Peer 1: 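This is the structure I want to talk about, given as structure tokens.
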2 protein chains.
Amino acid sequence: MVEVAVLVRAKPTARSVLPLVELVREVLRASLQRMDPVLAKEGITKGQFWALHTVSSLEAASLSTVARNLGLTTPTVCANIDGLEAAGLVRRARSERDRRSVELSLTPRGRKVEARVWDHIARLMTEAAGDVSDADLAASQRVFEKITARLTAPAGTRRRAA
Amino acid sequence: MVEVAVLVRAKPTARSVLPLVELVREVLRASLQRMDPVLAKEGITKGQFWALHTVSSLEAASLSTVARNLGLTTPTVCANIDGLEAAGLVRRARSERDRRSVELSLTPRGRKVEARVWDHIARLMTEAAGDVSDADLAASQRVFEKITARLTAPAGTRRRAA
DNA sequence: TATTGTTATACTCTATAACTATA
DNA sequence: TATAGTTATAGAGTATAACAATA
């Protein structure tokens with residue numbers, strides 16, 4: 001009565017994916033909840049933080065590049081930037097090359113806020129993943145990279161069912 | 001100039017966790033976006049679906065057990081159940097044992113809607129994870145189980161820094 | 001005409017506070 | 001007193017539609 005299963009590159013089934021769906025939802029909910037007091041202390045909202053973080057990580061950030069990077073519409077990002085600008089964390093400047101476009105940049109205070117919050121996220125998640133092996137973590141990253149690629153591929157790129 | 005790194009159960013560092021944070025955010029955003037038309041067709045919202053799904057998976061579902069399971073407050077869940085009841089997908093019944101409590105159950109239509117949507121999620125995610133090995137998927141599940149456990153542990157349970 | 005940004009508006013998600021009924 | 005549920009209210013997140021300025 002000994003069973004040895006050697007599965008190499010077995011294809012995922014619904015049974016294997018669905019538990020992960022619920023776990024991911026839960027992790028996201030719990031971590032956002034943990035971040036709330038941190039963001040409140042900095043006086044910004046979640047949406048504003050992601051906008052701030054994206055402006056920070058892009059070379060040249062315009063409103064539409066930020067929106068594209070976050071997968072949001074421009075009105076949504078525009079509102080977030082409004083708040084960040086009012087709080088003195090982001091600057092808007094009309095582009096010289098294309099006067100329709102707005103170049104976004106962080107103020108010194110914006111840089112500090114972004115660094116503090118991102119650092120807090122890093123510490124929170126690193127602690128939460130304390131027991132996890134680097135190998136499992138790398139595997140997770142591979143999984144989410146592939147899923148992201150599949151989910152965000154433009155409609156025309158997707159293979160139609162044979 | 002040959003470097004061989006053999007890391008067994010190396011502890012995760014911020015460097016290894018942060019990319020995953022952004023990927024998870026992106027996967028969640030993209031999959032919710034994909035689900036929107038499906039939910040719209042069924043005439044329910046995301047929040048209502050999670051409430052429906054939770055009522056469906058719990059043995060005995062009261063408003064507060066559903067709220068606890070979803071990590072939400074009772075007013076939030078109450079509002080979602082209002083909508084589901086109005087749509088004829090969920091029934092409310094005062095408990096006989098404890099007349100403060102409300103027993104929630106799915107109507108036949110509710111069961112069908114829940115099954116259809118959950119099935120759609122399963123297909124969407126299984127397709128999206130098509131290239132992923134079962135081993136990597138299992139690793140991801142381990143990672144998210146551990147992170148969930150750490151993030152949702154009650155405050156008193158957490159070890160304080162030495 | 002097409003694109004960038006903006007304003008106006010509406011709906012959903014979520015929480016806190018205050019209340020009712022029951023334990 | 002404490003708990004289950006509800007109502008009222010408000011803030012945040014998001015989208016669509018309509019518009020101005022520029023390309």
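What you are looking at is a predicted structure, and each value in this text was computed from that prediction instead of being measured. Order of the sequence lines sets the chain letters (A, B, ...), proteins ahead of strands, with each chain counted from 1.
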Peer 1: If you look at every heavy atom in A/V117 and A/E42, which pair is closest and at what distance?
Peer 2: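 Closest heavy-atom pair between A/V117 and A/E42: CG2-CG, 3.8 Å.
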Peer 1: Within this structure, what is the CG-to-P distance between A/L104 and C/dT6, rounded to whole angstrom?
Peer 2: 8 Å
Peer 1: Without decimals, in angstroms, what is the distance between A/L84 CG and C/dG5 P?
Peer 2: 16 Å
Peer 1: Below 3.5 Å, does any donor atom in the side chain of B/R99 face an acceptor in the base of C/dT22, or the other way round?
Peer 2: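 Answer is no: no donor-acceptor pair is held.
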Peer 1: Where do B/E114 and B/F49 come nearest, in terms of heavy atoms and distance?
Peer 2: O-CE1, 4.0 Å
Peer 1: How many Å lie between CZ on A/F49 and C1' on D/dA12, as a whole number?
Peer 2: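 Going from A/F49 (CZ) to D/dA12 (C1'), I get 17 Å.
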Peer 1: Rounded to the nearest angstrom, tell me the gap between atom CD1 in A/I81 and atom C1' in C/dT7.
Peer 2: 16 Å
Peer 1: Kindly state which residues belonging to residues 51-66 of chain A come within less than 4.0 angstrom of DNA chain D, counting heavy atoms of the residue only, listed by number.
Peer 2: none
Peer 1: About how many Å separate CH2 of B/W50 and CD of A/E22, when rounded to the nearest 0.5 Å?
Peer 2: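 One finds 5.5 Å between CD of A/E22 and CH2 of B/W50.
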Peer 1: How long is the gap from CD on A/Q48 to CG on A/L84, to the nearest 0.5 Å?
Peer 2: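 It comes to 4.5 Å.
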Peer 1: Does B/D136 come within less than 4.0 Å of A/R142, counting only side-chain N to carboxylate O?
Peer 2: yes
Peer 1: Take atom CD1 of A/I44 and atom C1' of D/dG13, then tell me their distance rounded to the nearest Å.
Peer 2: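 For the pair A/I44 CD1 and D/dG13 C1', the rounded distance is 15 Å.
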Peer 1: Let's see if you can work this out: which of D/dT7, C/dG5, C/dT7 has an atom nearest to the side-chain heavy atoms of B/D82?
Peer 2: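 Given the options D/dT7, C/dG5, C/dT7, the side chain of B/D82 is closest to D/dT7.
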Peer 1: Where along nucleotides 12-20 of chain C does protein come under 4.0 Å, by heavy atom, of base (B) or sugar-phosphate alone (S), with - for untouched nucleotides?
Peer 2: SSBBBB---
Peer 1: Let's see if you can work this out: which of C/dG5, C/dT22, D/dT6 has an atom nearest to the side-chain heavy atoms of B/D98?
Peer 2: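 In terms of side-chain proximity for B/D98, the closest of C/dG5, C/dT22, D/dT6 is C/dT22.
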Peer 1: Please find the pair of heavy atoms, one from A/S64 and one from A/T74, that lie closest to each other, and give the distance.
Peer 2: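 Result for this residue pair: CA-CG2, 4.1 Å.
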Peer 1: For residues B/Q141 and A/P19, report the shortest heavy-atom separation together with the two atoms involved.
Peer 2: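 For B/Q141 and A/P19, the tightest heavy-atom pair comes out as NE2-CB, 3.7 Å.
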Peer 1: Between D/dA12 atom P and A/M35 atom CE, what is the distance in whole Å?
Peer 2: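 Value for this atom pair: 16 Å.
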Peer 1: Would you indicate, yes or no, if C/dG5 has its OP1 or OP2 atom less than 4.0 angstrom from a side-chain nitrogen or oxygen of A/R92?
Peer 2: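 Negative; the distance criterion is not met.
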Peer 1: Provide, to the nearest angstrom, the distance between the CG atom belonging to A/D36 and the P atom belonging to D/dG13.
Peer 2: 9 Å
Peer 1: Quick test of your reading of the model: are B/R29 and B/E26 salt-bridged, counting only N-O distances below 4.0 Å?
Peer 2: yes
Peer 1: Between C/dT6 atom P and A/R100 atom CZ, what is the distance in whole Å?
Peer 2: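 Rounded to whole Å, this separation is 14 Å.
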Peer 1: Can you confirm whether A/L104 sits close enough to A/I81 that some side-chain heavy atom of one is under 4.5 Å from a side-chain heavy atom of the other?
Peer 2: yes
Peer 1: Under 4.0 Å between a side-chain N or O of B/S101 and OP1 or OP2 of D/dG5?
Peer 2: yes
